[in-house]
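Worksheet: the structure to be examined is printed underneath.
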Amino acid sequence: MAPAKLKIAIQKSGRLNEDSVRLLKDCGIDLKNGVNKLKTEADNFPLEVYFLRDDDIPQYVEDAVADIGIVGENVLYEKNKQAEIVEKLGFGKCRLSVAVSKSVAYGGLQSLRGKRIATSYPGIVGRFLEENGIKVDLHEISGSVEIAPGIGLADAIVDLVSSGSTLFMNGLIEVETILKSEAALIRNSVLDADRQAILDKLLFRIRAVKKAKNNKYILLNAPNANLEKIISLLPGMKSPTVLPLAEPGWSSVHSVLSENEFWDIIEKLKAEGAQGILVVPIEKMVI
Ligand code: PRT
Ligand code: ZN
């Protein structure tokens with residue numbers, strides 16, 4: 001019998017395609033014959049890749065046509081299929097928000113009662129309004145939702161927002177956030193032992209790639225007199241590496257810093273006399 005392969009569904013083209021393919025590549029997985037097909041496989045990992053419309057991915061994963069998939073949380077929740085999130089992936093970040101014309105004074109959620117609301121997300125929006133006990137006139141439209149208020153089709157819209165420039169260009173302002181979303185790895189709830197083992201291997205790599213992206217490797221020269229203070233500023237994985245420099249009284253210190261605390265710590269290091277600070281990206285990080 002041929003060895004088991006894990007089947008993954010990713011977006012064929014669109015906002016999540018490039019990052020999904022890059023994630024696999026960063027995990028050391030090389031796809032055969034490019035990506036302009038319906039299906040391909042990896043040369044060096046037991047993975048089969050299906051390229052699909054994002055809207056179809058939750059259904060394919062529920063039906064076990066694909067074992068796993070990469071899709072926006074917004075699509076997963078809208079489709080309401082039996083598929084679990086295994087890992088959030090940190091790209092495709094956006095929010096599903098209510099927006100109204102900037103010329104309207106917005107009086108809170110209750111003011112939407114009885115209003116016409118246009119959206120491509122009737123499932124999520126319907127559930128949200130029901131939970132809040134608000135009845136509206138919901139219009140499902142499949143695209144260009146942002147023009148609905150301007151052409152008199154709706155009083156408000158619910159749409160995905162990332163930079164906010166689409167809303168701004170259409171004279172709309174964001175007034176409520178219903179959902180925050182990012183791309184997520186989803187899975188069918190039942191996988192046989194072989195496929196589960198492949199998924200575990202893939203997840204191990206994905207987590208190492210994610211961790212590396214959020215961290216930087218830092219090298220600096222420190223006067224020995226301030227070494228203890230400088231070391232105390234560095235979180236490191238265990239403790240920093242300290243090596244003597246050729247110049248007496250100085251040491252070279254190496255450590256790992258997370259992106260979030262980066263600028264804050266650099267400033268403090270400089271204040272303690274650190275010099276020649278180098279910050280370099282990390283490709284993979286396994287701890
Ligand atoms: O063809 P297929 O069906 O596969 O793709 P699609 O056209 O349905 O989806 P696509 O490629 O546009 O988006 C895929 C996923 O990217 C979405 O499901 C979200 O999870 C995520 N994502 C992240 C976004 C955005 N950011 C986003 N800004 N999806 C859409 N937008 C649109 C939004 O609808 C609005 O029109 O961008 C506009 C707003 O952007 P800003 O930057 O002007 O605010
Ligand atoms: Zn779609």
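Remember, it's 1-based here, ligands and their atoms both numbered in the order they're listed.
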Would you call [X] and [Y] a salt bridge, using N to O less than 4.0 angstrom?
X      : Y      : value
Glu73  : Lys88  : yes
Glu259 : Lys213 : no
Arg195 : Asp67  : yes
Asp264 : Lys268 : yes

Could you tell me if [Y] and [X] have a donor-acceptor pair between their side chains, going purely by distance under 3.5 Å?
X      : Y      : answer
Asn215 : Ser258 : no
Thr166 : Glu146 : no
Asp192 : Gln196 : no

N/O donor-acceptor pair under 3.5 Å between Asn44 side chain and Asp30 backbone
yes
In total, how many protein N/O/S atoms does one find closer than 2.8 Å to the Zn ion (ligand 2)?
2
Measuring from Ile173:CD1 to Tyr106:OH, what's the distance to the nearest 0.5 Å?
10.0 Å
Under 4.0 Å from ligand 1 - residues by heavy atom, chain and number
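Within 4.0 Å of ligand 1, the protein residues are Gln11, Ser13, Gly14, Arg15, Leu16, Arg53, Asp54, Asp55, Gly72, Asn74, Val75, Gly92, Lys93, Cys94, Asp159, Leu160, Val161, Ser162, Ser163, Gly164, Ser165, Thr166.
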